[in-house]
Amino acid sequence: MCGNNMSVPLLAEAVTVSGMEKETAAVIFLHGLGDSGHGWADTLKGIQLSHVKFICPHAPPIPVTLNMKAMMPAWFDLMGLSPDSQEDESGIKKAADSIKAIIEHEIKNGIPPHRIMLGGFSQGGALSLYTALTCQHQLAGIVALSCWLPLHRSFPSASSGNKNIPILQCHGEMDVMIPVQFGAMTAEKLKSIVNPQMITFKTYQGLPHSSCPQEMAAVKEFIEKYLPQI
């Protein structure tokens, strides 16, 4: 394994769940507001595939406007959680660049972009959508859980034009933080950016702002389909 992790700040601290065999694919998974990569690393161990490496970086602590400027791990600042809330455009773009640096590092170390998938939950899912859709490389797919598309008004023109990227979007029907209607609006918006046949939007009855075993089974199936063993 060549390449220096220290040159990619988020990678130096990230939690990595290694595959059991030669790793021919990678999933970069981004946690939600106030969380760390550890929680999702444990969840992803439950759907581990032998040839896939999971990388779960930690967001840096920043003051979050939505939470009275309290310092907490966040990928970018949040002013509100509705479709018309003001957004931290510079913070979103800076965060996307930091995730793109991880992607470039993996490519340099021999995993081609079509074998790299981006995913995340809540704010992390939002960032994974924004990053993958603006990335110069066409990635293997996006796993977007309980989230939205940041800076949605800038699309489709902000998109890098990779129309055939598969997207699995999942949302709990009892989500009060990010209502399922916001997820449905996001799915509709995504259809104007990528080929609509590439988008799968699944909702889960009774599920609040979290994940469940059925959802994780769908995530595993999606990863197996688009990052098969080679």
Side-chain angles (χ1 to χ4, degrees), residues 1-5 7-8 10-31 37-57 96-121 124-125 127-145 147 159-170 190 193-202 211 213-230:
M1 187 74 177
C2 60
N4 179 5
N5 279 0
S7 60
V8 183
L10 287 179
L11 259 185
E13 303 285 324
V15 186
T16 301
V17 180
S18 300
M20 301 296 152
E21 300 169 13
K22 179 178 162 57
E23 294 166 343
T24 61
V27 176
I28 302 163
F29 197 92
L30 311 177
H31 64 75
H38 290 288
W40 279 98
D42 288 343
T43 304
L44 295 167
K45 273 178 195 160
I47 59 164
Q48 178 70 23
L49 300 172
S50 59
H51 61 289
V52 178
K53 166 169 61 173
F54 286 110
I55 301 166
C56 301
D97 285 344
S98 70
I99 303 306
K100 287 170 186 172
I102 299 179
I103 294 168
E104 292 299 337
H105 183 271
E106 291 307 304
I107 294 168
K108 275 196 195 106
N109 281 319
I111 297 183
H114 69 271
R115 298 285 294 167
I116 299 172
M117 193 176 276
L118 261 190
F121 173 76
L127 181 57
S128 70
L129 277 173
Y130 184 84
T131 304
L133 293 173
T134 58
C135 185
Q136 61 170 354
H137 305 290
Q138 178 156 331
L139 303 179
I142 312 168
V143 175
L145 309 181
C147 68
S159 164
S160 55
N162 297 324
K163 288 191 173 294
N164 288 317
I165 185 165
I167 302 172
L168 173 65
Q169 202 191 336
C170 301
L190 290 172
I193 305 168
V194 303
N195 180 341
Q197 294 162 312
M198 304 308 287
I199 299 163
T200 304
F201 182 48
K202 290 178 179 279
S211 67
Q214 297 94 310
E215 182 182 73
M216 293 318 292
V219 171
K220 183 178 185 181
E221 196 177 302
F222 182 78
I223 296 171
E224 284 173 330
K225 181 174 180 179
Y226 291 107
L227 292 176
Q229 203 146 11
I230 50 174

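Fair warning: this is a prediction, and the values are worked out from it, not measured in the lab.
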> How close do Ala14 and Pro57 get, heavy atom to heavy atom, and via which atoms?
Replying inline: CB-CA, 3.7 Å

>> Ignoring hydrogens, what is the shortest heavy-atom contact between Lys100 and Thr134? Give both atom names and the distance.
In response: NZ-OG1, 2.9 Å

>> Run Cys56 and His31 through side-chain contact (heavy atoms from CB on, under 4.5 Å) and show every step you take.
In response: CA-CA 8 Å; Cys56 301; His31 64 75; over 6 Å; no

> When rounded to the nearest 0.5 angstrom, what is the spacing between CD1 in Ile193 and CG in Leu133?
Replying inline: 5.5 Å

> side-chain contact (heavy atoms from CB on, under 4.5 Å) between Leu190 and Leu129: does it pass, once the steps are laid out?
Replying inline: CA-CA 9 Å; Leu190 290 172; Leu129 277 173; 4.1 Å; yes

> Pick from Leu118, Val52, Leu44: which one makes a side-chain contact (heavy atoms from CB on, under 4.5 Å) with Val27?
Replying inline: Val52

>> Taking salt bridge (charged side-chain N to carboxylate O under 4.0 Å, His left out) as the cut-off, I'd like each qualifying pair that reaches into residues 40-52, sequence neighbours left out, listed once.
In response: Asp42-Lys45

>> For a quick test of reading the model, state the closest non-hydrogen atom pair linking Ile116 to Leu227 and the distance between them.
In response: N-CD2, 4.2 Å

>> Minimum heavy-atom separation for Ser50 and Gln229, please, with both atom names.
In response: OG-NE2, 3.6 Å

>> If you define the side chain from C-beta out and look only at heavy atoms, does anything of Val17 sit under 4.5 Å from Phe29?
In response: no

>> Looking at Pro228, is its backbone amide N or carbonyl O close enough to the side chain of Arg115 to form a donor-acceptor pair, meaning the two atoms are under 3.5 Å apart?
In response: yes

>> For a side-chain contact (heavy atoms from CB on, under 4.5 Å) check, start with the C-alpha distance between Lys202 and Gln214, then their side-chain angles and the critical distance, and finish with the verdict.
In response: CA-CA 10 Å; Lys202 290 178 179 279; Gln214 297 94 310; over 6 Å; no

> Nearest 0.5 Å, what's the CG-CD1 distance between Leu139 and Ile165?
Replying inline: 5.0 Å

> side-chain contact (heavy atoms from CB on, under 4.5 Å) between Cys147 and Tyr130: does it pass, once the steps are laid out?
Replying inline: CA-CA 11 Å; Cys147 68; Tyr130 184 84; over 6 Å; no

> Say you draw a straight line from OG1 of Thr24 to CD1 of Ile111; how long is it, rounded to the nearest 0.5 Å?
Replying inline: 7.0 Å

> What distance do Met198 atom CE and Leu168 atom CG have between them, rounded to the nearest 0.5 Å?
Replying inline: 12.0 Å

Contacts under 3.5 angstrom, residues 216-226 side chains, donor-acceptor by atom type, not counting sequence neighbours:
none

> CD of Glu13: more than 12 outside heavy atoms within 6.0 angstrom?
Replying inline: no

> Closest heavy-atom contact between Asn162 and Cys135?
Replying inline: ND2-O, 3.4 Å

> Atom CD of Glu104 and atom CD of Gln136: how far apart are they, to the nearest 0.5 Å?
Replying inline: 5.5 Å

> What distance do His114 atom NE2 and Gln138 atom CD have between them, rounded to the nearest 0.5 Å?
Replying inline: 10.5 Å

> Which atom pair, heavy atoms only, marks the closest approach of Ile55 to Leu11?
Replying inline: CG2-CD2, 3.8 Å

